[in-house]
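Notes for the one structure printed next.
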There are 2 protein chains.
Amino acid sequence: MVNQRSGAPALSDIPDATVARLPLYQRALIRLRDDKAVTVSSEELAQLTAVNGAKVRKDLSYLGSYGVRGVGYDVEYLLYQISRELGLTQDWRVLIVGAGNLGRALASYAGFATRGFEVVAVLDSDPKLIGQRLPGSETAVASATDLEALVQELRPDMAVIATPVEVAQQICDRLVDCGIAGILNFAPTVLQAPDHVEVREVDLGLELQILAFHEQQRQHEASNPETAEIDLRTSIETVRSAR
Amino acid sequence: MVNQRSGAPALSDIPDATVARLPLYQRALIRLRDDKAVTVSSEELAQLTAVNGAKVRKDLSYLGSYGVRGVGYDVEYLLYQISRELGLTQDWRVLIVGAGNLGRALASYAGFATRGFEVVAVLDSDPKLIGQRLPGSETAVASATDLEALVQELRPDMAVIATPVEVAQQICDRLVDCGIAGILNFAPTVLQAPDHVEVREVDLGLELQILAFHEQQRQHEASNPETAEIDLRTSIETVRSAR
DNA sequence: TAGATTGTTAATCGATTAACAATC
DNA sequence: TAGATTGTTAATCGATTAACAATC
């Protein structure tokens, strides 16, 4: 859709659903490499990522033809191609706003560092937290009042919001005004931002709510007998007792 | 698709995409109620949740006809219906495995408690952590060796895995063997589990990777001139220099 | 060559959305 | 009644998937 002008190299017509799976493949390939695997078939990769085999092949075909028929994909080469596509051959600078339990956990989260994300600052507005050193980090918690100056100075590529919900939108606005165009939001609210800014919402409670929904379904199914006859009887009884 | 037998009350043919948005509507409705709003239109709700208005109406119609034409939806009533559908009129018991930074942050995460999730235990295998009291929690960190006994005793409805990636699959297997059917996994690996078990994967690093992908696109677009002529020139030069 | 596995086609499925009749 | 807004239809879009020709 985007970028259909000219004969220039097609700047990513990769579907969103595929982009969201590339990190999954990357993770699996890293493990395969660590296990000294040289090649991998689409079916193996599918098994490791719980994705359909045809879908794996389709996804990878968007990046180009990096497989060999009858053989599979070269682990090292495919890993490089995916990492390049995801922009992980460069390091990304991340600013975290909010040094509560979650903010601090994210600041020292190994999964960021190992994937090329450097936490350049952690901000908070609580005087008790400002100045505190974070375990496993060089920098101390900075004051949220300095947000603009710090963005200016440290040039983060993206920001993480881990503040209370009450201030999240205001922090978002300030980040956008500073020119930040990628925001990962953990506050349980949908942030309003201009179109050119990408906001990804992660709501940890929401994930549990979805689990609860399906758990409830299971409970209903267990108490609701499986056969049509009994279901029918139950619904007649329900109608009767409702009168 | 599921549950098309008999005249029994249709046990949720609600599309997955709709289920995933119900908590969003619920959150917005709670805020509207706190702001003393009595009714809300689909367009208002759409604005608050960054969802298309027609989609809001379609989603809500799966729950039944709870709106009034020309007026909108009763905030209190719709909130109740959504909460009921999501199973949030009952409390859910949650077991957390892993008392590292993330596990501890989750254990005291307000977004769990306020939405009816009670953390009944936090487990770890590190002797230094076992027995430690968690801030804002009644219980101390228990030993992961007691997992089976604790599930038996505390009867959690779902479990959260916040362990290192190396032990995540093994913990998952043990949870499944104990009869846990809903698992929220924060370890960066795709867990293998039987079909009747629902596993939701949350990979915090993955979210940043998707942001990085789009950030990279933006950078390419910025350096790649916008006009067809120049794009064409560039690609000719690329071809030349490649020789 | 025979066997294996990719890359792509085409059918299908599920989700999104504009439009509007129904109706408060 | 006039104005507003729901609930639903139907068109469209994007994603998934089986199947298989291409080819190593």
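A note on names: the letters A, B, ... follow the listed sequences, proteins ahead of strands, and every chain is numbered from 1.
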> Whole Å only: how far is the CG atom of A:L60 from the C1' atom of C:dT5?
Replying inline: 13 Å
> Between A:D13 (CG) and D:dA15 (C1'), how many Å, whole number?
Replying inline: 15 Å
>> Any base atoms under 4.0 Å from B:Y66, or only sugar-phosphate, or nothing? Heavy atoms, all strands.
In response: sugar-phosphate
Distance-only check: which donor-acceptor pairs under 3.5 Å involve side-chain atoms of residues 61-72 of chain B, not counting sequence neighbours?
| residue | atom | partner | partner atom | Å |
| --- | --- | --- | --- | --- |
| B:S61 | OG | B:K58 | O | 2.7 |
| B:Y66 | OH | B:L63 | O | 3.2 |
| B:Y66 | OH | B:Q81 | OE1 | 3.1 |

>> Using the salt bridge (Lys or Arg N to Asp or Glu O under 4.0 Å) criterion, which residues pair with A:R31? Sequence neighbours excluded.
In response: none
> How many Å lie between NZ on B:K55 and P on C:dA19, as a whole number?
Replying inline: 17 Å
>> Restricting to side-chain hydrogen bond (donor to acceptor under 3.5 Å, both in side chains), what partner residues turn up for B:R218, sequence neighbours left out?
In response: B:E215
> Can you list every salt bridge (charged side-chain N to carboxylate O under 4.0 Å, His left out) pair that touches residues 165-177 of chain B, not counting sequence neighbours?
Replying inline: B:E148-B:R174
>> Checking side-chain polar atoms at under 3.5 Å, does A:T39 have a donor or acceptor matched by the opposite partner on A:D74?
In response: no
> Closer to the 5' end of DNA chain D via nearest nucleotide, is it A:N52 or A:D16?
Replying inline: A:D16
>> Run the salt bridge (Lys or Arg N to Asp or Glu O under 4.0 Å) test against B:E85 and tell me which residues pass, sequence neighbours left out.
In response: none
> What is the distance from CG of A:L78 to P of C:dT6, rounded to the nearest Å?
Replying inline: 11 Å
Detail all sub-3.5 Å separations between protein N/O atoms and N/O atoms belonging to nucleotides 8-10 of chain D.
none

Under 3.5 Å, sequence neighbours excluded: what are the donor-acceptor pairs made by side chains of residues 156-163 of chain B?
| residue | atom | partner | partner atom | Å |
| --- | --- | --- | --- | --- |
| B:D157 | OD2 | B:R93 | N | 2.8 |

> Which listed nucleotide (D:dA15, C:dT16, C:dT17) is nearest to the side chain of B:R21?
Replying inline: C:dT16
> Mind checking what makes side chain to side chain contact (heavy atoms under 4.5 Å, CB included) contact with A:V75, not counting sequence neighbours?
Replying inline: A:L29, A:L32, A:R33, A:A37, A:V40
> How does DNA chain C read in dot-bracket, base by base from 5' to 3', with Watson-Crick or G-U pairs under 3.5 Å and | used when the partner is on another strand?
Replying inline: ..||||||||||||||||||||||
> Which of residues 24-50 of chain B have a heavy atom under 4.0 Å from DNA chain D?
Replying inline: B:S41, B:S42
>> Using OP1 and OP2 only, check whether a side-chain N or O of B:Y73 sits under 4.0 Å from C:dC24.
In response: no
Give the table of side-chain donor-acceptor pairs shorter than 3.5 Å for residues 196-203 of chain B, with sequence neighbours excluded, one pair per line with atom names and distance.
| residue | atom | partner | partner atom | Å |
| --- | --- | --- | --- | --- |
| B:E198 | OE1 | A:H214 | ND1 | 3.0 |
| B:E198 | OE2 | A:H214 | ND1 | 3.0 |
| B:R200 | NE | A:E207 | OE1 | 2.6 |
| B:R200 | NH2 | A:E207 | OE1 | 3.2 |
| B:E201 | OE1 | B:N185 | ND2 | 2.6 |
| B:E201 | OE2 | B:L191 | N | 3.0 |
| B:D203 | OD1 | A:R115 | NH2 | 2.8 |
| B:D203 | OD1 | B:G205 | N | 2.9 |
| B:D203 | OD1 | B:L206 | N | 3.1 |
| B:D203 | OD2 | A:R27 | NH1 | 2.5 |
| B:D203 | OD2 | A:R115 | NH1 | 3.1 |
| B:D203 | OD2 | A:R115 | NH2 | 3.3 |

> Are a donor atom and an acceptor atom from the side chains of A:T189 and A:Q169 found within less than 3.5 Å of each other?
Replying inline: no
> Residues in side chain to side chain contact (heavy atoms under 4.5 Å, CB included) with B:A17, at least two apart?
Replying inline: B:R21
